[in-house]
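Okay, structure first, notes after.
Here is the naming used below: chain letters follow the sequence lines, and residue numbers restart at 1 for every chain.
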There are 2 protein chains.
Amino acid sequence: MTDKQPYGTVLIKAARIMDLLASTNEALSLQQISRGTDLTSSTALKILDTLVIIGYVNKDLKTKHFTLGSKLIRYANRFIEQQDLVFVARPFLEELQSKVNETIHLGVPKENGVMYVEKLEPKNQSIYMTSRIGGIRSLYSSAMGKAILAEYGSKELEQYFERTELIPYTAHTITNYLQLQEEIKNIQQVGVAFDDEEMEADCFCVGAALLRDREVVGAFSVSMPKYRLTSAFREKIILEIKKTKMKIEEVLNQ
Amino acid sequence: MTDKQPYGTVLIKAARIMDLLASTNEALSLQQISRGTDLTSSTALKILDTLVIIGYVNKDLKTKHFTLGSKLIRYANRFIEQQDLVFVARPFLEELQSKVNETIHLGVPKENGVMYVEKLEPKNQSIYMTSRIGGIRSLYSSAMGKAILAEYGSKELEQYFERTELIPYTAHTITNYLQLQEEIKNIQQVGVAFDDEEMEADCFCVGAALLRDREVVGAFSVSMPKYRLTSAFREKIILEIKKTKMKIEEVLNQ
DNA sequence: TAAACTATTTCTTATATAGAAAGGCGGAAT
DNA sequence: ATTCCGCCTTTCTATATAAGAAATAGTTTA
């Protein structure tokens, strides 16, 4: 019963500081940081100085205020590239894109939700794209998420229900466990999942999960404004999604 | 002459590990990390364990290999949002976008170059966008960069020349300091900078610097494939860039 | 099954860290 | 201008932590 020797105390404190800096768009003073992290100002300052040296934090020399550093972007870009699902799936998603000409997302399961790791845009819309990559959506309210849920076993699903509250985002969000269970059964039969304005008004999505060795490793979806949805287009998208899913999984499973 | 007390040794070692993990797309073993960073494997492992706890590193439980963690994406997204230049400039860049319908970049000076912090895409092209945001281009070979150089004072410029080798990227890259100086004079007269296939074949850009309190805080540019460039379009772009620069700077300088 | 490698834990010493307190600096108020 | 006040920075030392060698556990190869 010997307690493990503690380690990385400075790292953990540094991470607290980083999280605090990442919790706001404002530049923070030493005081704000030391109060916000329960560190003495001398300790916080020494850690901050080191974080500045390694490029994780920026210090405004005039105001003495701190913000996140630019090195983090390099890390993030590399993180995305290290998700080999992105590498594998991207060419097929591009192909899908060329056929449906709508927004396409790729996501991976993360923290009881699904995290966007790739996004293909169709139009002239100028989008602030980085605000989305890395974003996490709940499983029960998105096409990708429901496609993932449809691959869960029954006890896995039960555990999901236990730990998850079905909060409505729109009037269409499914907030009832029985109804969600019905929906999941339907997805298992049809082979694709839908999001009919359940996350965002006017937004319709069709998605499918991606399995490697019978395990969910991600999901992808096509999203569009609802006014562009005709029943013929809907059928086309379903067909193309199924084809794309097959192609990607073929590669994923060697 | 008392040496400063060392601090943040673990942080710096952790950063070495992070940098190593960010230097490749491969997942790395403990051995590879301990060799690549000159840390003993026990030290490296303890740091890695902590990095996993705080979400900076991912450990594959099967292979025991390490990759970067997903928390870095959150940091990166927030970093972008903390660049308040992005907030200020975006609406004007979107307006510009709607007029020229070509790719628009926004950058900030960083490490003897210019770092992309925003990108507005015009077309149906599916772009792997995160690979660009955060990317750094040299000053002498890009429209944004040369626009920044044109705001340098003469001694500042001399210092830049001293520390910078003019490496050619294409046959059109300016690799001669006198020629570059001529070009800069021209930019100062015309008010915008050009990149005529100097960075990438077939790519033509027009850019301008953004000043706050007479200090360069960024730059933006319009990029297009050269075959779409007519002389009328060129003039239109120059005009629109000048207008956009004025509008953004008006806000930047309150 | 053994051999060879790699990951993990243990243990001890030397070292880095935490935090209080003092000192410095700059902006605000008078 | 001068004082005051708040925040940033430095100093110092007991103490908690880190480093590394070596033992152990685990895994792959032959």
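In terms of polar N and O atoms assigned as donor or acceptor, the side chain of B/S42 never comes within less than 3.5 Å of the base of C/dA7 in a complementary pairing. Residue-to-nucleotide contacts include no donor-acceptor pair under 3.5 Å from the side chain of B/K46 to the base of D/dA18.
A straight line from CG of A/L28 to C1' of D/dC8 spans 15 Å, rounded to a whole angstrom. Taking atom CG of B/L48 as the reference point, atom P of D/dA18 lies 14 Å away to the nearest angstrom. Here the P atom of nucleotide C/dA4 and the CD atom of B/Q31 are 16 Å apart, to the nearest Å. Rounding to whole angstrom units, CD1 of residue B/I17 and P of D/dA18 are separated by 13 Å.
Partner of B/L106 under the side chain to side chain contact (heavy atoms under 4.5 Å, CB included) criterion, out of B/V114, B/L210, B/I248: B/L210 alone.
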Tell me which donor-acceptor pairs under 3.5 Å the side chains of residues 38-48 of chain A have, and how far apart each pair is, sequence neighbours excluded?
| residue | atom | partner | partner atom | Å |
| --- | --- | --- | --- | --- |
| A/T40 | OG1 | A/T43 | N | 3.3 |
| A/T40 | OG1 | A/T43 | OG1 | 3.0 |

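Within residues 57-64 of chain B, the residues approaching DNA chain C are B/K59, B/K64, by heavy-atom distance under 4.0 Å.
In this structure, A/G8 and A/H65 both approach DNA chain D, and ranking their closest nucleotides by distance from the 5' end singles out A/H65. In this structure, A/V10 and A/S41 both approach DNA chain C, and ranking their closest nucleotides by distance from the 5' end singles out A/V10.
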Give the C-alpha distance, both sets of side-chain angles, the deciding distance and a yes or no for salt bridge (charged side-chain N to carboxylate O under 4.0 Å, His left out) between B/E111 and A/R74. CA-CA 14 Å; B/E111 290 169 21; A/R74 306 224 189 145; 3.1 Å; yes

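Between B/T67 and A/F79 the shortest side-chain heavy-atom distance does not fall below 4.5 Å. Taking 4.5 Å as the limit, some side-chain heavy atom of B/K59 sits within range of a side-chain heavy atom of B/D49.
Comparing C/dA20, D/dA21, D/dA18 by their closest approach to the side chain of A/T9 singles out D/dA18. Closest approach to the B/P6 side chain among D/dA18, C/dT10, C/dA16 is made by C/dA16 (side chain taken as heavy atoms from C-beta onward). Here the side chain of B/L45 is nearest to one of C/dT9, C/dA18, C/dT6, namely C/dT9.
Under 4.0 angstrom from either OP1 or OP2 of D/dG20 there lies at least one side-chain N or O belonging to B/T43.
By the 30° and 60° cut-offs, the orientation of the rings of A/Y169 relative to A/Y140 is parallel.
Note on B/E118 versus B/R90: salt bridge recorded, some NZ/NE/NH1/NH2 to OD/OE distance being below 4.0 Å.
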